[in-house]
Amino acid sequence: MKKQLFINGEWLDAKEYTTLIAPYSEEKLAEIAAASPEDVDAAIDAADRARAQWAKTPAHARAEILENLSNLIEERFDETARIISLEAAKPIEMAKTEVARTIQTFKFAAEEAKRIHGETIPLDAAPGGERRVAYTVREPIGIIGAITPFNFPLNLVAHKVGPAIAAGNTIVLKPATQTPLSALHLAQLTQEAGLPVGVLNVVTGRGSVVGDRLVTDDRISMITFTGSPSVGIGIRNKAGLKKVTLELGSNAAVIIDKGTDIDKIIPRCIIGAYSNQGQVCISLQRAYVHESLYEEFVAKFIEASNNLKLGDPLEPATDVSALISKNDVQRALNWIEEAKSAGAVVATGGEAQGNMLRPTVILEADPQMKVSCQEVFAPIVLINKISSVDEAIDLVNDSRYGLQAGIYTKDVDVALDAVEKLQVGGVLINDIPTFRVDHMPYGGVKESGTGREGLKYAVEEMTEMKLVIWNRN
Ligand code: NAP
């Protein structure tokens with residue numbers, strides 16, 4: 001199967017193609033067009049030509065297209081989940097959850113399209129401002145370059161395409177090389193949903209070629225990027241005066257205070273740690289457990305980890321499948337080895353089975369070990385003993401990242417204190433950090449990024465404010 005570029009509503013050949021391989025079965029899935037810089041230019045041209053007309057399209061019409069898109073995904077639910085599962089090795093039940101969330105994301109986008117507005121400003125609050133009427137309007141920002149990662153190949157594309165369409169922008173999208181099929185499937189559905197040609201263009205190919213061209217072209221007004229901190233920082237350095245939002249990685253943590261019901265939270269912690277093989281930006285990587293509960297938590301967490309079923313992502317019973325690449329399996333094993341030789345205890349897991357890594361629990365890891373201070377992006381969890389929540393907060397904050405953090409506590413003062421002190425974009429009280437619904441503001445501080453997604457917040461990022469003043473003097 002050959003997958004072409006989607007430019008100006010047409011499916012176009014590229015000069016080169018690369019073979020897409022399924023991470024679990026290693027079967028060949030498709031031949032994917034590798035766009036040249038000229039192909040990217042053609043996509044930007046198309047987005048540029050579509051821009052003026054699309055920006056004038058009424059809100060109700062933009063909302064209707066988004067609503068149609070949401071409905072079409074619902075109609076093609078199983079097919080869509082299968083595409084995600086095959087190209088990303090995402091266990092099928094989780095792929096279905098991603099499809100369900102994408103349906104929501106486009107519904108929220110349709111709703112947001114109808115409430116983009118500014119505000120009135122009381123200019124007479126300043127001497128000299130008398131008898132002037134002022135208000136702001138929000139205008140589309142222009143052409144958006146969207147660059148997306150492999151781990152939620154549909155919903156994270158939706159988090160860029162949805163608000164961009166809602167706000168009246170045109171888009172050139174570059175999906176991750178390992179997961180282009182979900183994005184191309186979505187492009188097909190946008191056509192069926194009635195999106196005018198040129199509003200969405202999808203160019204597949206290498207990040208260093210396609211991504212770079214998007215980031216450096218002057219006609220693109222904004223880059224919205226989700227991916228790793230190193231690539232994100234590189235983009236920021238090259239983007240000049242373009243607006244840039246960066247949704248980057250993390251080594252998310254949960255704090256478990258004394259008095260917590262361990263049996264109740266173990267299933268949540270297991271989901272947080274191992275969903276999608278730990279390849280989630282808010283995956284639970286570090287657990288800081290009060291000394292009074294540490295032994296119980298460790299024993300029960302290990303038992304639950306060992307009960308997980310490894311295997312084919314298309315099998316409904318599979319909990320954990322292949323990592324996205326062999327390199328990532330090797331990287332995870334190297335980091336585990338480094339931790340072990342520096343004195344940490346690998347309490348379970350620590351081995352690969354084909355391209356899968358067995359769920360791995362590491363105890364007594366120092367904060368400077370790679371498994372602790374970098375983003376593992378694999379089914380690896382560290383459990384550490386703490387004697388107070390304050391100590392745990394310092395350990396959570398001792399990180400380059402700050403996306404979300406969770407704390408389980410029965411003490412209101414402790415919870416409020418944690419909210420104040422944790423250096424993250426979102427604090428979850430009595431939950432793991434691994435929680436997201438699609439309309440909430442989502443994003444991080446420090447090397448976890450800048451800007452927020454979540455439909456209302458992304459629309460804000462994707463529009464420019466214009467001030468209007470009427471002089472009645
Ligand atoms: P990645 O390697 O940074 O890739 C992300 C995207 O950037 C891909 O489309 C990639 O293309 C492209 N890219 C690579 N080099 C580029 C360059 N020089 N210029 C422009 N674009 C370039 O990340 P990933 O491995 O796909 O995804 C995992 C990362 O995403 C993790 O760090 C995770 O935490 C983060 N993430 C963050 C969030 C959030 O909302 N905060 C959500 C999900 C994931 P190629 O595929 O062709 O290399």
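When a ligand or atom number is given, it counts from 1 through the structure's own listing order. Predicted model, so just to flag it, every value in this text is computed and none were measured.
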*Asks:* Starting from atom 23 (O) of ligand 1, what is the nearest protein heavy atom, named by residue and atom, and what distance separates them?
*Replies:* S228 N, 3.5 Å
*Asks:* Using protein heavy atoms only, decide if any is under 4.0 Å from atom 4 (O) of ligand 1.
*Replies:* no
*Asks:* Only heavy atoms of L156, strictly under 4.0 Å: list the atoms of ligand 1 that pass.
*Replies:* 42 (C), 43 (C)
*Asks:* Check contact between F152 and ligand 1, using heavy atoms of the residue and a distance below 4.0 angstrom.
*Replies:* no
*Asks:* Is a donor from one side chain sitting under 3.5 angstrom from an acceptor on the other, for T105 and N155?
*Replies:* yes
*Asks:* So which of G207, G234, S448 gets nearest to atom 17 (C) of ligand 1, if we judge by its closest heavy atom?
*Replies:* G207
*Asks:* For G211, take its heavy atoms, then give the atoms of ligand 1 lying under 4.0 Å from any of them.
*Replies:* 20 (C), 21 (N)
*Asks:* Report the residue from R101, K107, Q104 that forms a side-chain hydrogen bond (donor to acceptor under 3.5 Å, both in side chains) with D438.
*Replies:* R101
*Asks:* Tell me whether the guanidinium CZ or amine NZ of R51 lies under 6.0 angstrom from the six-membered ring centre of W54 and within 45° of its axis.
*Replies:* no
*Asks:* Which option wins on minimum heavy-atom distance to atom 7 (O) of ligand 1: Y442, F225, F377?
*Replies:* F225
*Asks:* Considering only heavy atoms, which of P180, G227, G205 lies nearest to atom 29 (C) of ligand 1?
*Replies:* G227
*Asks:* Of S283, S399, S372, which meets side-chain hydrogen bond (donor to acceptor under 3.5 Å, both in side chains) against N251?
*Replies:* S399
*Asks:* Looking at T226, which atoms of ligand 1 are within less than 4.0 Å of one of its heavy atoms?
*Replies:* 5 (C), 36 (N), 37 (C), 38 (C), 39 (C), 40 (O), 42 (C), 43 (C), 44 (C)
*Asks:* Checking N334 against Q330: is there a side-chain donor and acceptor pair closer than 3.5 Å?
*Replies:* yes
*Asks:* Within ligand 1, which atoms have a heavy atom of R206 less than 4.0 Å away?
*Replies:* 47 (O)
*Asks:* Would you kindly check if the NZ (Lys) or CZ (Arg) of K96 is within the cone defined by 45 degrees around the ring axis of F77 and under 6.0 Å from the six-membered ring centre?
*Replies:* no
*Asks:* Flag yes if more than 12 heavy atoms outside R206 fall under 6.0 Å of its CZ atom; otherwise flag no.
*Replies:* no
*Asks:* Look at atom 24 (P) of ligand 1 and say which protein heavy atom is nearest, naming residue and atom and giving the distance to 0.1 Å.
*Replies:* F150 CD2, 3.7 Å
*Asks:* May I ask you to list the atoms of ligand 1 that are less than 4.0 angstrom from any heavy atom of G249?
*Replies:* 32 (O), 34 (O)
*Asks:* Distance only, no hydrogens: is a donor on one side chain within 3.5 Å (strictly under) of an acceptor on the other, for S182 and E87?
*Replies:* yes
*Asks:* Do ligand 1 and T177 have nitrogen or oxygen atoms that lie under 3.5 Å from each other?
*Replies:* yes
*Asks:* Take E338 and K370 through the test salt bridge (Lys or Arg N to Asp or Glu O under 4.0 Å) and record every step on the way to the result.
*Replies:* CA-CA 8 Å; E338 181 215 63; K370 285 203 185 79; 3.4 Å; yes
*Asks:* Return the option from T245, V215, V231 holding the heavy atom at the smallest distance from atom 15 (N) of ligand 1.
*Replies:* V231
*Asks:* For a side-chain hydrogen bond (donor to acceptor under 3.5 Å, both in side chains) with T226, tell me which candidate from E247, K160, H159 qualifies.
*Replies:* K160
*Asks:* Can you name the atoms of ligand 1, numbered from 1 with element, that are less than 4.0 Å from a heavy atom of L403?
*Replies:* 41 (N)
*Asks:* Should you measure from each heavy atom of I147, which atoms of ligand 1 turn up under 4.0 Å away?
*Replies:* 6 (C), 7 (O), 9 (O), 12 (C), 20 (C), 21 (N)
*Asks:* Which residue holds the protein heavy atom closest to atom 10 (C) of ligand 1, what is that atom called, and what is the gap in Å?
*Replies:* K174 CE, 4.0 Å
*Asks:* Check whether T360 reaches the backbone of I380 with its side chain - one donor and one acceptor, N or O, closer than 3.5 Å.
*Replies:* no
*Asks:* Which protein heavy atom lies closest to atom 8 (C) of ligand 1, and at what distance to 0.1 Å?
*Replies:* T148 O, 3.3 Å
*Asks:* I need the nearest protein heavy-atom contact for atom 31 (C) of ligand 1: residue, atom name and distance, please.
*Replies:* E375 OE1, 3.4 Å
*Asks:* What protein heavy atom sits nearest atom 41 (N) of ligand 1, and how far away is it?
*Replies:* L248 O, 2.8 Å
*Asks:* Going by atom types alone, do T450 and R236 pair a side-chain donor with an acceptor below 3.5 Å?
*Replies:* yes
*Asks:* Touching ligand 1 at all, G444? Heavy atoms, strictly under 4.0 Å?
*Replies:* no
*Asks:* Could you tell me whether N151 approaches ligand 1 through its side chain, its backbone, both or neither, with non-hydrogen atoms closer than 4.0 Å?
*Replies:* side chain
*Asks:* Honestly, is K90 close enough over F152, meaning NZ or CZ under 6.0 Å from the six-membered ring centre and within 45° of the axis?
*Replies:* yes
*Asks:* Write out the residue and atom name of the closest protein heavy atom to atom 27 (O) of ligand 1, then the distance separating them to 0.1 Å.
*Replies:* P149 CB, 3.2 Å
*Asks:* Suppose we measure from atom 42 (C) of ligand 1 to each protein heavy atom; which comes out shortest, and what is that distance?
*Replies:* C281 SG, 2.9 Å
*Asks:* Can you spot which of D48, D45, D41 makes a side-chain hydrogen bond (donor to acceptor under 3.5 Å, both in side chains) with R219?
*Replies:* D45
*Asks:* Ignoring hydrogens and geometry beyond distance, is a side-chain donor-acceptor pair present between T19 and E31 at under 3.5 Å?
*Replies:* yes
*Asks:* Heavy-atom pairs closer than 4.0 Å: do any link ligand 1 to the side chain of E247, the backbone, both, or neither?
*Replies:* both
*Asks:* Show the atoms of ligand 1 that are less than 4.0 angstrom away from any heavy atom in P175.
*Replies:* 9 (O)
